[in-house]
Amino acid sequence: MLLYDHKEIEAKWQKHWKDNGTFHAQNHSDKPKFYALDMFPYPSGAGLHVGHPLGYIASDIVSRYKRHTGFNVLHPMGYDSFGLPAEQYAIQTGQHPAITTKDNIARYREQMDRIGFSFDWSREVRTSSPDYYKYTQEIFILLFDSWYDNIANKARPISELEFCFRESGTTSINAATTEDLQQFNAAQWNAFTENEKQEILLDYRLTFLANTEVNWCPALGTVLANDEIVNGVSERGGHPVVRKKMRQWMMRISAFADRLLNDLEDLDWSESIKEIQRNWIGKSIGSMVSFKLDGNFPLWGNAAGNGADAIQKDLKIDVFTTRPDTIYGVTFMTLAPEHELVDIITTAEQKQAVEAYKKATSARSERERMADVKTISGVFTGAYATHPLSDEKIPIWIGDYVLAGYGTGAVMAVPCGDERDHAFANHFAEKNGMPEIKNIFEGIDISEEAYAAKDDTKLTNSEFLNGLSYKSGAMAAAIEKLEETGAGKGKTNYRLRDAVFSRQRYWGEPFPVYYKDGLPQMIDRKYLPLELPEVDEYLPTEDGAPPLGRAKEWYWDAVNNKVVANPSLALPKGKGTSSSSEKASFSETEEKSALGYFTAKPEIASTLLERAQEMRKNPTDAEVTLWKELKGKKLEYKFRQQHPIGEFIPDFVCLTRKLIVEVDGKYHEFQIDKDDARTHKLEQKLGYKVLRFTNEQITNSLESVLKKITEALEQRPNFFPGKNEVLPFGKDLGWVGDQNEIYPLELNTMPGWAGSSWYMFRYMDANNETEIFSSEAQEYWQNVDLYIGGSEHATGHLLYSRFWIKLLHDLGKITVIEPFQKMINQGMILGESAFVHKVTMMFPVTAGDKFRNYTKNQIKHLEELNDRFPDLFISSEFYEKNFHDLPTVVELNNEWSFENLKNFVDSIDDSLIDPNILSIGDMKIHSDVSIVDVHNNLNISEFKKWRADFADSDFITEQDRTFKVSREVEKMSKSKYNVVNPDDICDQYGADTLRLYEMFLGPLEQAKPWNTAGITGVYGFMKKLWKLYHDDNGFNVSDEKASPDSMKTLHKTIKKVRQDIEDFSFNTSVSSFMIAVNELTAQKCNNREVLEPLAVLVSPYAPHIAEELWSLLGHKESISTAAFPVFEEKHMVESSKTYPISFNGKMKFTLDLPTDVSKDELEKMVLENDKVQEQLEGKVVRKTIIVPGKIVNFVVG
RNA sequence: GCUCGAGUGGUGGAAUUGGUAGACACGUUGGACUUAAAAUCCAAUGGGUAGUAAUGCCCGUACGGGUUCAAGUCCCGUCUCGAGUACCA
């Protein structure tokens, strides 16, 4: 082969590597290990653009280099293949996400294969594969079966907690929990029922169910994590996000906050990522302080009206402060408007103002509150608290600068030491309830601003703290005193919140969870994976349940341990499970053969009946109203009042349609949790539909209530055809519950970060079918030595995976405490968008009031003209140069004869509009970069083909008939038509050139624009490299000894490239290759002594050409494990060095001077030089600086 | 606002950690080859200025100061851009 043919060479070696498994890593080896990993790609439908492989190329270079230097290298790749885009696509097209995902992965793989990565594909993983998510589910169970022991500072199995409870109750336990939980002793614990015990344990588990305020995105129909929201809208799609209370699985990451913070220290990560994580964790050290409230308060607050005789005594407000040393500076207190005590403590006089303020705050959206941090607002509640140390009366305010979600939602305001408190105090100075600011800093003027510095400033007016300062222990002294008096205690707060783990989505891991009596139960790990069921649509159900609610079979048979159909929709045939998923359609005979079915749970049936009769006697007004409309088949269906179902007594029920109607009284809001659990059970387990209405709805809009009931009745199937009457305890209505052991499965799925939080450990033993990975494999590979990826995962993936790995470590599954020892964050490759300039029409308007100067008819005509303005494009350079003073459409028409334009000008009704006021402007339109050449010339005919709507447009070109586009650097994306596909580059220039050029663009960590034009330089280098080994007759390498110059070039390059790879400075390596090849070409070097090591040197960067040259050099083995050349100093030794000779620091000329002489001799030689004498003529040498090997400098006067 | 990072030719970017600023490449200009284009090769290319020329001088690493024999590099201040964060008590 005479010429360099990248196509043939690259295809040949890619096949060779694949056929020989060249890059399969060994789990047993004497070699030292090296684990290089790229961040998990999500296989999107758009395929890879040239920006994606950047990091993969870098990690591949390091991996190949490490193999050359004797390491056993693990360099795997796989796919984070669960996720929203495939699901959104499924919703739109009905295409199953598994199919889309499979196709996308195939495309990714094809693209990656062309670039020649040394991935070990035998270890590929996909998060959406049941073989993989089986273990994600297993880890979820591990989290469920663990609690966090604050004393041992580690996660421990929940069984150990149960043991502690049995032995000594809560007395010796300090566990990470959401809030202060109920305390009990061993006897009490042992007396609890099994369900009660489980409910208690649920509060301790590392994954737990909680009713929390979540970020609900209605457009996506799901909950989002904090890091999935950017500026108040969803990261994907930019949809609005609202706060909503939902029952969700949570992950107790907060328990690990301190370790996640401390362990950052030893990680070799960029300072900026560490800083982002530190801020996100947000540790603050301080103390809790309780302020007692002055007076007694009615039980439900003044607002409730009745029940006035019930009072609460000894109320207190807890605050968190980082400056307990400023406790004597407390001037007032501020509560978040949402604080639970606000209604209770507000005095009658202030009630109106407080209500109004609360209303105003809640009306403001999160975004508004975020955007507007300058406005100070708040209201005095009229109430006072007592200072815990000085017993002074402290007025209590509410203000929205206090966040309900952080700390306790209340602050002790110290205006002299906190800027926000200071601003608040001044804003309301001299108003009712705002005392004068207390100053506790000696010698500090706080009239203008607060003094927030934590320094040696002494405290004053602070009793026992007088004379102390922040630095000299005031903080510790204050906490000690607070603890002594019981008014507070030292505490550390974190900004990091527990992570919401439930997603109301289809395309994610199913939870291995079913619900029994409303309590979550884990499926035994030996029955995993719990596979994702098929659904008819990827949307929520009509009732708003997640898509899994549509699955025909999504119940857990706890006897046979398998997924089965909804029992309430199936005909139960005696004891045991139902296999039919048909909807119920009883025949007379079948009905009779059904055994022992009840509407109420048999064991408590009689008790329930008694209670029900009792309740029927005391209905509420709303119940009476509704019953009037339901009784006696007024809606065509028989309803029963207070009829026991299962273990509950619903207000109304239609048994044949299994429809329950509940009226929510005023207590509903205090027991939402319980009511929700009850609804859940009735619907999921017993197959009823529950409708809930409030008292107000029934009294105020009975019509619509009845309409909803009627609609629901009609939608429900008839569960008992031919029967309108069902006895409470007859044998004719099915009681399917515990006897069958069939329970509803969790309908939510796991979030995207579940599978990606532990994948780096699966690669160590990816094909293990019996366990997550073998401990031998993990002990050998330890953790990731080099992790390369973008920095956008700083608060998501990179934090969550650290959390999960710490958990697995605590439970003894993993020997390391961190997943990624070193990380490099590659910068984004940006696209160079191309814009064509389109001529637009402009007319003079006054600012702000667009059409004020025109009549109605004129405006109409203008708008019409604007719509009709012909499509006319103008070359950007021409526009820049000649259109500074924007011409009018008339002038334009005079200069250019375009028919469309002429017709347009002729059509202007000059009785309405003077054509001479219409000037032109320009508008930029994205053009596809593939139809623009390197000189920014647009291919006009291609453009017309691409944009058929502009097929008849006219183009104003440059004088040389070219049409220029303008360029702008933007993010590379499909919508900006600036995507460059690596396949095209591989076709034209080859993978080796692509790899080298991506590295050559600049430092890995820096963002930089892609410019395809520049690639010719690298391609030229490849051809020159090839030529070194060839002459006109083909391959020609000589075995003769190389010249010292060539040896010097080689060793200079060896030294540089070795150092560069260690420093991840790949761009400079490529430069030094170019320099080496340029020099060797000039030296006409073709010696094996130089060219053989050179091939190995370039092999990590350009592996295909290196393999080809290596085999041409006569080697049979792949170059991939050839020893990397070693730098030898002896080739660098020189007899002379070119010294810069400078005067007063300014370099004037250079001199070649010997290197083996002393400093004094050097000075002598320099001074003897004519040029030096010339410069020194008539001047006094004040000082001579000679640094051997570096520089000579004369200080002259 | 706060925190972190960065400002070097027309462009991407080098500069051994205080020692010849602009390596390497793109682009541009001129030339060779060619009927022509492409490809390839050669030369010039920070700005200004003097000279027919060889060559020389001045200014130059965002801006203003400083330390030093010597500063893109270290220190102080200012500006601009990028990233993170958003009242965290």
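Computation of the quantities below employed the complete heavy-atom set of this structure, encompassing side-chain atoms and omitting hydrogens, waters and symmetry-equivalent molecules. Numbered from 1 within each chain, the chains take letters A, B, ... in sequence-line order.
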Does A:S284 have a side-chain nitrogen or oxygen under 4.0 Å from the phosphate oxygens OP1 or OP2 of B:rA89? yes
Whole Å only: how far is the CG atom of A:D325 from the P atom of B:rA89? 13 Å
Mind checking who B:rG56 pairs with, Watson-Crick or G-U wobble, both distances under 3.5 Å? B:rU49
Determine which nucleotide pairs with B:rG18, using a 3.5 Å limit on both distances of a Watson-Crick or G-U wobble pair. none
No-hydrogen, no-angle side-chain donor-acceptor test under 3.5 Å, A:Q1083 and A:T1049: yes
Regarding A:D1060 and A:T1068, is there a side-chain donor-to-acceptor distance under 3.5 Å anywhere? yes
Of the options B:rA89, B:rC24, B:rC26, whose atoms approach the side-chain atoms of A:I1075 most closely? B:rC24
Inter-nucleotide C1' distance (B:rC26, B:rU45), Å rounded: 13 Å
Does any donor atom in the side chain of A:Y451 or A:N439 lie under 3.5 Å from an acceptor atom in the other side chain? no
Six-ring centre of A:Y4, A:K1023 cation under 6.0 angstrom, axis tolerance 45°: no
Could you tell me the separation between the CZ atom of A:R967 and the P atom of B:rG12, rounded to a whole number of Å? 14 Å
Under 3.5 Å, is there a donor-acceptor pair between the A:D318 and A:T408 side chains? no
From B:rC24, B:rA89, B:rG13, pick the nucleotide closest to the side chain of A:N1078? B:rC24
Rounded to the nearest Å, what distance is computed from the CH2 atom of residue A:W280 to the P atom of nucleotide B:rC4? 19 Å
Report the C-alpha distance between A:D1063 and A:Q1059 in whole Å, list the side-chain angles of each, state the deciding distance to 0.1 Å, and finish with yes or no for side-chain hydrogen bond (donor to acceptor under 3.5 Å, both in side chains). CA-CA 6 Å; A:D1063 296 344; A:Q1059 191 57 48; 3.2 Å; yes
Please report the distance, rounded to the nearest Å, between CG in A:D418 and P in B:rC87. 13 Å
Against the side chain of A:P1140, the closest entry in B:rG13, B:rU20, B:rC57 is B:rU20
Should B:rU40 form a Watson-Crick or G-U wobble pair with both distances under 3.5 Å, which nucleotide is its partner? B:rA32
Please give the nucleotide sitting opposite B:rA71 as a Watson-Crick or G-U wobble pair, both distances under 3.5 Å, or none. none
Given the P atoms of B:rG65 and B:rG72, what is the spacing between them in whole Å? 15 Å
Which value, in whole Å, describes the distance between the P atoms of nucleotides B:rA70 and B:rG60? 15 Å
Given B:rU40, B:rC87, B:rG19, the nucleotide with the shortest approach to the side chain of A:I1185: B:rG19
Gap between atoms NZ and P, on A:K1183 and B:rC69 respectively (whole Å): 5 Å
Should B:rG1 form a Watson-Crick or G-U wobble pair with both distances under 3.5 Å, which nucleotide is its partner? B:rU85
Can you confirm whether A:K1048 is buried at NZ, in the sense that more than 12 heavy atoms of other residues, nucleotides or ligands lie under 6.0 Å from that atom? no
Gap in Å between the two C1' atoms, one belonging to B:rC33 and one to B:rC24, rounded: 27 Å
Selection from B:rC26, B:rA39, B:rC69 that lies nearest to any side-chain heavy atom of A:T1016: B:rC26
Do the side-chain N and O atoms of A:D258 and A:Y494 include a donor-acceptor pair separated by under 3.5 angstrom? yes
Answer with base, sugar-phosphate or nothing: what part of the nucleic acid does A:T1150 contact at a heavy-atom distance below 4.0 Å? base
Of the options B:rG12, B:rC57, B:rC26, whose atoms approach the side-chain atoms of A:F1000 most closely? B:rG12
Which part of the nucleic acid does A:N1193 contact within heavy-atom distance under 4.0 Å: base, sugar-phosphate only, or nothing? base
Glycosidic torsion of B:rG9 (syn if within 90° of 0, anti otherwise) classifies it as syn
What is the distance, to the nearest angstrom, from the CH2 atom on A:W1010 to the P atom on B:rG13? 14 Å
Winner on side-chain proximity to A:T1138, out of B:rA14, B:rU20, B:rG19, is B:rU20
State which of B:rC41, B:rG19, B:rA89 makes the closest approach to the side chain of A:V1187. B:rG19
Just checking A:Q1006: base, sugar-phosphate only, or nothing, at a heavy-atom cut-off of under 4.0 Å? sugar-phosphate
Measure from CG on A:N937 to P on B:rU28 and round the result to the nearest Å. 10 Å
Using a 4.0 Å heavy-atom cut-off across all strands, classify A:K1056 as base, sugar-phosphate, or nothing. nothing
Integer angstrom distance from the C1' of B:rG56 to that of B:rU52: 15 Å
Check every atom of B:rG12, B:rU85, B:rC87 against the side chain of A:R420 and return the nucleotide holding the closest atom. B:rC87
Pairwise P distance for B:rG9 and B:rA14, with rounding to whole Å: 14 Å
Pairwise P distance, B:rU20 and B:rU73 [rounded to whole Å]: 14 Å
Rounded to the nearest angstrom, tell me the gap between atom OH in A:Y1019 and atom P in B:rC26. 14 Å
What nucleotide among B:rA14, B:rC87, B:rA39 has an atom nearest to a side-chain atom of A:P1003? B:rA14
Provide the distance between the two P atoms, one in B:rC75 and one in B:rG7, to the nearest whole Å. 14 Å
Provide the Watson-Crick or G-U wobble partner of B:rA62, both distances under 3.5 Å; none if there is no partner. B:rU78
Who pairs with B:rC26 - Watson-Crick or G-U, where each distance is under 3.5 Å: B:rG10
Base, sugar-phosphate, or nothing for A:N1067, non-hydrogen atoms under 4.0 angstrom? sugar-phosphate
